[in-house]
Amino acid sequence: MRVVDQSEWKKHLVCCLMTAALLAALPNVSAAEHDAAWPAYTPDANDPRSAIPEIYMWDLSPLFASDEAWDEARLKLLVQIPGLEAFDGRLADPAALRACLDLYFQLHSDANFVTLYANRRQSTALSDENANAMVQRSLAAMDELMRAAAFIRREALTLSPEKLDAAYAAQPALAAYRPYLDNLRRRSGRLLSTDAERVLAQLGDNLWAEIDLNEIPSPLEDAFGALLTEIPWPEITDEEGEKVQLTLSNYGLYRASTDRDVRRGAVEALFGTLRQYERTLAATLAGQFQLDVDYARARGYDTALDAYLDKDDIAPEVYNNLVSTINAHLPLLHRYVELRKKALGLEDIHIFDLYIPLAEGVAVDVPFAEARTTILAALTPLGADYGAALAEGLDPANGWMDLYPHQDKRSGAFSASVHGPHPYVFMNYQDSLDDMSTLAHEFGHALHSDLAMKSQPYASFRYVPFLAEIASTCNESLLSDYLVSKATDPAEKAYLLVERLESIRTTIFRQTMFAEFELKVHGFVEDGTPVTAALLEKTYRDLVQRYYGPGFTLDADDGLEWAYIPHFYYKYYVYSYATGLSSGIAIADRVKTLGEPAAKAFLAMLEGGASAPPLELLAGAGVDLTKPDALDAAMKTFGETLNEVEKLMEE
Ligand SMILES: [Zn+2]
């Protein structure tokens with residue numbers, strides 16, 4: 001185990017680190033004695049950061065020792081970026097090509113250190129002006145690098161295959177850049193003239209850029225976001241009969257209220273308000289989809305689907321396979337809707353009845369130390385090496401995690417990493433079962449990055465978004481199975497099983513419904529059919545009715561739900577939630593039934609990073625998303641879970 005931190009405050013934890021080293025070597029050993037060394041803390045989101053023992057905060061010193069060191073690195077980066085110019089026009093020379101890519105990826109990695117540090121500083125100090133300014137400065141540096149490096153992609157594409165082969169022979173170190181160059185050249189036919197590229201870039205097209213598609217919102221997405229914040233949401237009545245202001249952030253809470261009047265009121269108030277703005281909301285969405293289609297066509301793609309999936313090298317049949325396979329399993333979702341109706345004792349079931357918990361929430365407290373032990377045990381099927389890396393990351397003394405919520409900290413959870421130091425895991429852990437599941441999820445991401453960076457050079461370690469949600473959901477799935485297998489109390493078991501149903505309903509069924517909506521509406525744009533509010537509403541209503549089935553009662557405004565979903569602005573992104581969870585479940589199944597060989601194949605996929613096309617890496621783990629199998633496996637899990645819940649309900 002690497003002891004990554006030399007800072008003063010951790011010196012007294014030497015014993016703790018040594019225990020952790022033993023534990024890392026023996027991941028099955030109970031963590032109990034080790035936990036005893038950690039200070040007690042009860043999470044409270046209203047605490048200031050200073051109230052939390054330091055051991056539960058991440059350690060940013062492997063990135064930079066201080067804000068001053070960060071600023072020095074940023075300035076050094078800005079000084080070095082113009083050095084790329086020296087290679088402009090010289091990439092036909094193998095030595096120059098290699099030196100240029102060495103420098104480019106070094107600067108890219110440096111820029112990532114700078115942005116990661118600034119973002120991490122900001123995420124635990126949202127109102128800190130200095131941290132906000134650091135984020136802005138880091139983004140500016142990244143932007144400058146991208147601009148300075150634009151010639152590399154253009155020139156690399158002009159090299160003939162023979163010339164490139166000769167370059168690989170003359171400069172063996174170029175092999176590290178082969179996945180990058182292959183991926184670049186794969187789409188060489190889509191690159192336009194310099195002038196055309198300049199115009200498209202100015203208009204905001206990033207189909208060709210080396211950044212995430214959704215990193216920079218379009219003006220239409222900005223307008224949509226601004227409208228949502230300006231809409232005067234009405235007041236609704238809460239469980240105590242008090243008037244409360246509805247907001248987009250408390251909507252989910254009231255929609256899941258066990259008081260039917262409250263949840264109906266919340267949904268009707270939200271949809272009714274969206275109705276008043278439906279033409280503006282239709283205009284921003286239609287405008288976004290028109291842009292997607294225009295950018296795709298500018299590069300000679302037939303459809304926006306082809307273009308946006310091609311960016312990550314995903315075949316459109318993956319998308320079509322998802323939609324058709326999930327449609328074939330809709331009777332399972334219809335059965336679940338009927339089950340909810342019965343369990344809740346309702347005569348008719350509406351959109352506002354879909355989110356309330358079916359089983360009583362189990363009031364089990366899962367303090368972090370217990371979650372850690374449970375997660376380590378649940379993930380043992382992934383093997384000893386995985387367990388060792390997991391034990392290292394889950395040891396607070398190693399500085400991977402920022403565990404507890406506090407004032408001025410961003411909400412939610414995520415994992416982020418650069419190449420070299422350990423990954424970072426951001427949590428708002430509050431001792432619940434859900435929090436434990438989130439922790440297992442985020443560690444799926446973190447260990448994916450950790451394994452990829454240990455096996456791949458910088459240029460090929462960062463996996464594409466399409467692969468991102470597989471490791472995380474595989475972990476969640478293994479944890480869920482483990483907890484169900486250990487549950488002795490029927491109420492707890494029912495709770496866990498319903499959680500699994502809900503996760504599949506909201507991530508596979510609902511996101512596939514979104515994906516189908518996105519496909520249909522892009523199709524209207526591509527056919528030249530005017531996309532009006534009425535057409536969007538009808539398209540969405542039809543999908544809701546078909547997905548939830550004949551037992552579901554559709555209300556007048558249900559077709560307006562599309563209007564507040566930001567994900568429709570993310571350019572064919574939502575489907576990857578559904579394929580991610582399906583693949584995660586399918587892989588967890590394989591690991592349970594086939595054992596070590598399946599686990600090894602999965603870890604090889606994680607270690608692969610971006611060294612091969614994503615579908616090829618995934619196929620190595622036994623999942624072919626151009627065929628129904630993995631989706632069928634997830635649906636089988638859903639069906640079996642339904643059976644168990646039905647049985648528990650009868651008892
Ligand atoms: Zn995730």
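Read the numbers this way: they start at 1 and go in the same order the structure lists the ligands and their atoms.
Put simply, the side chain of Asp395 gets close to the backbone of Ala397: a donor and an acceptor are under 3.5 Å apart.
Legend: protein N/O/S atoms lying under 2.8 Å from the Zn ion (ligand 1), waters omitted, number 4.
No salt bridge links Asp313 with Arg187; every basic N to acidic carboxylate O contact stays at or beyond 4.0 Å. Using a cutoff of 4.0 Å between basic side-chain nitrogens and carboxylate oxygens, Lys409 and Asp402 are scored as salt-bridged. For the pair Glu640 and Arg500, the salt-bridge criterion is not met [side-chain N within less than 4.0 Å of a carboxylate O].
Taking the six-membered ring for Trp, Tyr319 and Tyr572 have ring centres closer than 6.0 Å.
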side-chain hydrogen bond (donor to acceptor under 3.5 Å, both in side chains) for Glu469 and Ser472? Distances and angles first, verdict last.
CA-CA 5 Å; Glu469 292 302 340; Ser472 54; 2.8 Å; yes
